[in-house]
> 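Before anything else, here's the structure in question.
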Amino acid sequence: ISERQMLILDVREKEDYDQCHIIGAFHFPQIRLAHATNPFSLPEVYQFKNKKNHMIVLYDLEEEITVARKMGNIFFEKGADNVYIMAGGLRAFVQTHNHLIVGECPVPIVAKSSRLGAYGAD
């Protein structure tokens, strides 16, 4: 079984990325993609595009924010079929992986027992 490699792209604004991001994530804002003649201008993106066992993962603060989804669609339209949107975005990621965050996250980290209670667990 081979291990998957991930390229993580933070699609939020520069100020948000500078404040807090996932370790190893590259800042790749929507405007960069919108103005690029080649959406794979970041060498790492080109190296990961459609490679076996390689994933390009986009994230925003929340999965529901449409920036990551729009960018994912653009990547797909340009021929990348290994692009994924991080489920729940940064807000969900920090709840279980806060040790993988650089900087001070604006999202409160909620204890697992409190999160379960919020979903009606008895």
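Position 1 is the first residue of the sequence, and the numbers go up from there.
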> Of the non-hydrogen atoms in Val94 and Cys105, which two are nearest, and what is the gap between them?
CG1-SG, 3.6 Å
> Which heavy atom of Cys20 sits nearest a heavy atom of Glu104, and at what distance?
CB-O, 3.4 Å
> May I ask you to test the Val45-Phe75 pair for a side-chain heavy-atom distance under 4.5 Å?
yes
> For residues 92-101, which residue pairs pass the salt bridge (Lys or Arg N to Asp or Glu O under 4.0 Å) check, not counting sequence neighbours?
none
> Are Tyr46 and Val11 grouped together when hydrophobic residues (ILVMFWY) are joined by side-chain heavy atoms under 4.5 angstrom apart?
yes
> Check whether Asn82 reaches the backbone of Lys52 with its side chain - one donor and one acceptor, N or O, closer than 3.5 Å.
no
> Please list every donor-acceptor pair under 3.5 Å in which a side-chain atom of residues 85-93 meets a protein atom from a residue at least two apart or in another chain.
unit_1 : atom_1 : unit_2 : atom_2 : d
Arg91  : NE     : Glu62  : OE2    : 2.6
Arg91  : NH2    : Glu62  : OE2    : 3.1

> Tell me whether Phe76 shares a hydrophobic cluster with Ile74, the cluster being built from Ile, Leu, Val, Met, Phe, Trp, Tyr side chains joined at under 4.5 Å.
no
> Going by side chain to side chain contact (heavy atoms under 4.5 Å, CB included), name the residues that satisfy it together with Gln19, two or more places apart in sequence or in a different chain.
Pro106
> Could I get the full list of salt bridge (charged side-chain N to carboxylate O under 4.0 Å, His left out) partners for Asp60, not counting sequence neighbours?
none
> Partners of Asp18 by side chain to side chain contact (heavy atoms under 4.5 Å, CB included), sequence neighbours excluded?
Lys14
> For the backbone of Ile22 and the side chain of Tyr59, can you confirm whether one donor and one acceptor N or O come within less than 3.5 Å of each other?
yes
> Which residues pass the side chain to side chain contact (heavy atoms under 4.5 Å, CB included) test with Phe26, sequence neighbours left out?
Leu7, Leu9, Leu42, Glu44
> Could you pull out all residues at least two apart from His54 that satisfy side chain to side chain donor-acceptor pair (under 3.5 Å)?
Gln5
> Are any non-hydrogen side-chain atoms of His97 and His99 less than 4.5 angstrom apart?
yes
> Donor-acceptor check, side chain of His27 to backbone of His21, threshold 3.5 angstrom: yes or no?
no
> With clusters defined by side-chain heavy atoms of hydrophobic residues (ILVMFWY) lying less than 4.5 Å apart, directly or transitively, does Leu100 cluster with Tyr17?
no
> Mind checking salt bridge (charged side-chain N to carboxylate O under 4.0 Å, His left out) for Lys51 and listing every partner two or more places apart, or none if nothing turns up?
none
> Output all residues satisfying side chain to side chain contact (heavy atoms under 4.5 Å, CB included) with Lys70, sequence neighbours left out; order by chain, then residue number.
Gln30, Thr66
